[in-house]
Amino acid sequence: MCSVCSAVDQHEPIQRIASWLHDARSVVILTGAGISAESGLATFRDPEEGLWAKYDPMELATIAAFNRDPELVTRWYHWRFTKARDVEPNPGHHALACLEQRLATRDRSMTVVTQNVDGLHQRAGSKRVVEIHGTILRWRCTKTGAEKPLDEVSFDVFPIPSEHGGLMRPCVVWFGEMLPEQALAETFDALEHCDLFLSVGTSATVHPAASFIEVARAVGAKTVEINRDPTPISEIVDCAAHGPSGEILPQIMNELGQLDDS
Ligand code: BJW
């Protein structure tokens with residue numbers, strides 16, 4: 001505890017995480033909706049503001065829901081990408097982009113494995129981003145699987161007919177759907193070679209992402225959680241810093257800067 005304000009003292013974990021990043025050779029950072037919260041995008045499981053507090057995931061985020069009511073699901077994802085397009089990356093996204101650059105100059109590698117579909121890591125400048133739950137910025141035909149970027153999809157009618165006789169759906173991974181093969185392969189490759197794993201802004205409840213930490217632990221990587229609230233992995237990580245990632249990540253970068261300069 002901090003002796004002055006009686007809040008939990010975050011300085012020690014921040015220093016520790018920075019020193020581990022300083023020494024790491026290969027870093028994997030798993031991110032979730034919490035990292036985009038400070039950009040103004042709702043998370044899923046917040047009891048009051050979360051998307052699943054207002055909408056039923058089984059009515060919106062499954063293929064059965066889309067087949068039942070494609071208009072409703074298409075309108076919902078249209079609203080979601082409009083929100084995502086209108087917000088900006090926050091200091092948490094920027095800190096990770098900066099970290100990747102900094103590690104690259106020392107010949108170290110870093111992979112962001114994100115569950116987010118909003119494209120904010122890339123807009124902040126992160127280069128190596130694996131989107132395990134797909135992206136809302138591409139849509140595909142339900143009949144042929146042919147993909148299109150958002151600006152080539154016309155949202156004049158809902159649902160959106162594809163030119164091949166199917167419907168256009170977002171390239172996101174719904175419950176019960178397999179994760180993209182290539183993204184999973186890249187993720188496991190990064191996990192099997194990492195010596196430091198950070199879980200940032202995720203409730204660590206959706207599989208298989210929630211079990212990536214086990215792969216990292218199995219190869220002997222140190223594990224870290226940065227999240228506003230405690231989660232099921234808080235007890236097993238080597239170090240946890242609880243608070244907004246848009247504040248904690250820049251603080252870690254500051255500490256790292258001092259270590260790199262010393
Ligand atoms: C902050 C903050 C701030 C707030 N700073 N932090 C094994 C066991 C049990 C079930 C399964 C299993 N394996 C597979 C399953 C089934 C299922 C599953 O996991 N179900 C669980 C819910 C139990 N998984 C699947 O179906 C997956 N497919 C699959 O495994 O295929 C094979 C298979 C099929 C069937 C059976 C078995 C195997 C696919 C999962 C797809 C998830 N899709 C969604 C929607 C994507 C599209 C869209 O965006 O609409 O992905 S659901 C939703 O949850 C979204 C997210 O990516 C995902 C994770 O949520 P996330 O990011 O963690 O957000 P929150 O809201 O949960 O948490 C936010 C956190 O941030 C909180 O902790 C806050 O405290 C924190 N926070 N502000 C820092 N400022």
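Starting from 1, each residue takes its place in the sequence as its number. Indexing begins at 1, ligand by ligand and atom by atom, following the structure's order.
Residues Val129 and Leu41 do not share a hydrophobic cluster, clusters being chains of Ile/Leu/Val/Met/Phe/Trp/Tyr side chains in contact below 4.5 Å.
If you check the side chains of Gln115 and Thr202, you find a donor sitting under 3.5 Å from an acceptor. A donor and an acceptor atom, one from each side chain of Ser36 and Asp118, are located under 3.5 Å apart. Counted by atom type alone, Thr231 and Ser203 present zero donor-acceptor pairs between their side chains at under 3.5 Å. No hydrogens or angles considered: a donor-acceptor pair under 3.5 Å links the side chains of Glu225 and Ser234. Residues His93 and Ser126 bring no donor and acceptor atom of their side chains to less than 3.5 Å of each other.
Listed for the Glu100 side chain is a donor-acceptor partner under 3.5 Å among the backbone atoms of Arg128. Using a distance-only test at 3.5 Å, with no hydrogens or angles considered, a donor-acceptor pair links the side chain of Ser39 to the main chain of Glu88. Within the 3.5 Å criterion, the main-chain N or O of Asp238 finds a donor-acceptor partner in the side chain of Thr223. No donor-acceptor pair under 3.5 Å is formed between the side chain of Arg80 and the backbone N or O of His78.
Within the 4.0 Å heavy-atom shell around ligand 1 one does not find Val200. Heavy atoms of Gly50 stay at 4.0 angstrom or farther from ligand 1. Residue-ligand proximity: Pro170 is placed with every non-hydrogen atom at 4.0 Å or more from ligand 1.
Annotation for Glu235: atom CD does not count as buried by contact number, only 12 or fewer foreign heavy atoms lying within 6.0 Å.
At the shortest separation from atom 46 (C) of ligand 1 among protein heavy atoms lies Val173 O, 3.4 Å. For atom 64 (O) of ligand 1, the closest heavy atom belonging to the protein is Ala33 CB, 3.6 Å. In this structure, atom 3 (C) of ligand 1 lies nearest to the protein heavy atom Gly34 O, 3.3 Å. In terms of protein heavy-atom proximity, atom 63 (O) of ligand 1 is closest to Thr202 OG1, 2.7 Å. Scanning all protein heavy atoms for the shortest distance to atom 34 (C) of ligand 1 gives Gly176 O, 3.7 Å. Protein heavy atom nearest atom 67 (O) of ligand 1, with residue, atom name and distance: Ser203 OG, 2.5 Å. Protein heavy atom in closest approach to atom 57 (O) of ligand 1: His133 ND1, 2.8 Å. Protein heavy atom closest to atom 23 (C) of ligand 1, with residue, atom name and distance, is Thr205 O, 4.0 Å.
For the residues Arg80, His207, Glu131, Arg45, the heavy atom positioned nearest atom 12 (C) of ligand 1 is part of His207. In the candidate list Phe44, Tyr55, Phe175, Trp174, Phe175 is nearest to atom 17 (C) of ligand 1, counting heavy atoms. Which of Met178, Glu177, Glu49, Gln115 comes nearest to atom 29 (C) of ligand 1 through a heavy atom is settled by distance: it is Glu177. Among Glu38, Arg228, His242, the residue whose heavy atom sits closest to atom 6 (N) of ligand 1 is Arg228. Relative to atom 76 (C) of ligand 1, the option among Ile248, Leu249, Asn227, Thr135 with the closest non-hydrogen atom is Asn227.
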Go through Lys148 and Glu163 one step at a time and tell me if the salt bridge (charged side-chain N to carboxylate O under 4.0 Å, His left out) criterion holds. CA-CA 12 Å; Lys148 280 187 177 182; Glu163 59 227 42; 2.9 Å; yes
With salt bridge (charged side-chain N to carboxylate O under 4.0 Å, His left out) as the criterion, how do Arg85 and Asp151 come out once you've worked through the C-alpha distance, each side chain's angles and the decisive distance to 0.1 Å? CA-CA 12 Å; Arg85 200 188 45 196; Asp151 55 3; over 6 Å; no
Ile132 vs Phe212, test: side chain to side chain contact (heavy atoms under 4.5 Å, CB included). Steps then yes/no. CA-CA 12 Å; Ile132 53 164; Phe212 291 163; 3.7 Å; yes
Evaluate Glu192 against Arg217 for salt bridge (charged side-chain N to carboxylate O under 4.0 Å, His left out), listing each step before the verdict. CA-CA 10 Å; Glu192 280 156 14; Arg217 275 157 58 94; over 6 Å; no
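Protein heavy atoms are found inside the 4.0 Å sphere centred on atom 39 (C) of ligand 1. Distance check on atom 36 (C) of ligand 1: every protein heavy atom falls at or beyond the 4.0 Å cut-off. Protein heavy atoms come within 4.0 Å of atom 70 (C) of ligand 1. Of the protein's heavy atoms, at least one falls inside 4.0 Å of atom 1 (C) of ligand 1.
Close approach of ligand 1 to Gly201 (heavy-atom distance below 4.0 Å) involves ligand atoms 6 (N), 69 (C), 70 (C), 71 (O). Atom numbering of ligand 1 starts at 1 in the shown order; those under 4.0 Å from a heavy atom of Gly243 are 5 (N), 79 (C). Under a 4.0 Å criterion applied to the non-hydrogen atoms of Thr43, ligand 1 contributes the atoms 4 (C), 66 (O). Of all the atoms in ligand 1, the ones that sit under 4.0 Å from a non-hydrogen atom of Gly32 are 62 (O). The distance from ligand 1 to the heavy atoms of Tyr77 drops below 4.0 Å at these ligand atoms: 47 (C), 48 (C), 50 (O). Taking every heavy atom of Val172 and a limit of under 4.0 angstrom, the matching atoms of ligand 1 come to 47 (C). Against a heavy-atom cut-off of under 4.0 Å, Asp229 is close to the following atoms of ligand 1: 74 (C), 75 (O).
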Please tabulate, for the side chains in residues 246-260, all donor-acceptor contacts under 3.5 angstrom to protein atoms that are two or more places apart in sequence or on a different chain.
from: Asp260; atom 1: OD1; to: His22; atom 2: ND1; distance (Å): 2.7
from: Asp260; atom 1: OD2; to: Arg102; atom 2: NH1; distance (Å): 3.1

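Not a single N or O atom of Trp76, backbone or side chain, sits closer than 3.5 Å to an N or O atom of ligand 1.
Residue contacts with ligand 1 for Ile35 are absent, since no atom lies close enough (heavy atoms, distance under 4.0 Å).
Of the candidates Trp139, Trp79, Tyr77, Trp139 is the only one forming a ring pair (Phe, Tyr, Trp, His ring centres under 6.0 Å) with Phe155.
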